[in-house]
Amino acid sequence: MRHYCKEASHLVSDAYERELKFTERLKLRLHLMMCSLCREHVSSIEFMNRLFENIRSQADEKGICLPEKARKRIEENISKAVHSDRP
Amino acid sequence: MTKETSNPELWLKDHGDYLYRYAMSKLHDEEVASDMVQEALLAAWKGWDNFAGNSSVKTWLVGILKHKIIDHIRKEIRTRKLTEAVESDPTSALFNANGSWVEAPASWSDSPESLVKSDQFNQVLQTCIGRLPEKQQIVFNLRELIGEDTETICKEADVTATHVHVLIHRARLALRACLEHNWFGGSRSS
C-alpha cells in the first residue's frame with residue numbers, strides 16, 4: 001500500500017508558511033485521521049514552533065555577556081574611529 | 001528624559017552585553033556577533049543625527065544591529081549561492097520507498113517552555129542546528145531565530161517562496177530527527 005506520510009510532512013511544514021489549498025487541507029486532514037505516526041509528527045512540529053517562539057522572546061533575558069576580549073577590541077576600534085574622524 | 005549624546009564608548013559600556021546577547025541569539029557565532037555589535041555602534045555613531053529621540057537609545061541601537069545582522073546574512077546567502085537548484089532530497093532517508101516513516105516519530109513529553117531554560121538542551125539544539133546543511137541553516141535561522149516571514153526571506157535571498165518552503169521543511173524534518181535522537185531518546189514504537 002502506498003503511504004502519504006512523506007507528502008503529509010511537507011504540507012505540515014508548509015501550513016506554517018502559506019495558506020494550504022483546499023484539496024491539500026483535505027488530503028492532510030484525511031491522512032492525519034488515519035495515521036497516528038503523522039499525528040505524532042505534527043505534535044513535535046508544533047512543539048518545535050512553540051520552542052522557537054520561546055527562544056525568540058527569551059533571547060533578551062539570557063545571561064551571556066560580551067566577552068572581555070571582544071569588548072576591548074571594540075573599544076579600541078571605536079576610539080580609533082572617533083578620534084580620526086569626528087563627524 | 002535626560003538629553004542623550006552621541007557617545008559610542010558609553011553605549012558599549014551600557015548596552016554592549018545586551019547587544020551581544022541579541023546578536024548571539026541570531027547568529028550563534030561569538031566572533032561574528034561581536035563584529036556585528038562593533039559595526040552597529042560605529043554606524044550609530046556616524047548616524048547619530050538620525051536618532052529621533054522618540055525611542056530609547058537602546059531600542060535605536062538594537063534596530064541598527066538588526067539591520068547589520070540581516071545584511072550579514074544576506075551576504076552569506078549571496079556567497080553561498082542559495083539560488084542554486086535544490087539538491088537531491090535529503091529527507092528521503094527518513095521515509096520508505098512506499099512513502100511511510102522509516103522510524104516511527106516518538107512523542108515528546110517535555111514542555112517547550114521549560115526546555116528553553118535548560119542549558120543542556122540548548123547545547124543539543126545548537127548542535128542540531130549546526131548540523132543542518134548550510135542553505136537550510138541560513139533560511140531556518142532567518143525564519144525561526146530572527147522571526148522573519150517567508151516573504152521577507154525570499155526578498156533577502158532572492159529565491160522563490162517554494163524554494164524557501166522546501167528548505168524550511170527539510171530543516172524541520174532534520175531538526176526533529178536530530179532532537180529525537182539526541183534529547184528525547186528516540187524510542188521505536190513499532
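Every chain is numbered from 1 and lettered A, B, ... according to where its sequence line falls, protein lines coming before strand lines. We use all heavy atoms of the structure for the numbers below, so side chains are in, but hydrogens, waters and symmetry mates are not.
Interface remark: A:Tyr4 contributes backbone atoms only to the contact with chain B (heavy atom separation under 4.5 Å). Contacts of A:Ser36 with chain B are absent, with no heavy-atom separation under 4.5 Å from either backbone or side chain. A:Ile78 touches chain B through backbone and side chain together, each having a heavy atom under 4.5 Å away. Only the side chain of B:Leu173 comes within contact range of chain A, with heavy atoms under 4.5 Å apart. Within the 4.5 angstrom heavy-atom criterion, no atom of B:Ile153 approaches chain A. Contact annotation for B:Ile168: both backbone and side-chain heavy atoms come within less than 4.5 Å of a heavy atom of chain A. Neither the backbone nor the side chain of B:Ala33 has a heavy atom closer than 4.5 Å to any heavy atom of chain A. For A:Ser43, no part lies under 4.5 angstrom from a heavy atom of chain B.
Of all residues spanning residues 11-23 of chain A, those with a heavy atom less than 4.5 Å away from chain B's heavy atoms are A:Ser13, A:Asp14, A:Tyr16, A:Glu17, A:Arg18, arranged by number.
Pairs engaging residues 27-48 of chain A under the salt bridge (Lys or Arg N to Asp or Glu O under 4.0 Å) rule: none recorded [sequence neighbours left out].
When every heavy atom of A:Ala70 is checked against every heavy atom of B:Ser34, the shortest pair comes out as CB-CB, 3.6 Å.
Note on ring orientation: taking the six-membered ring where Trp is involved, the planes of B:Trp60 and B:Trp11 are perpendicular (angle over 60°, cut-offs 30° and 60°).
In this model, A:Cys5 has its SG atom no nearer than 2.5 Å to the SG atom of A:Cys35.
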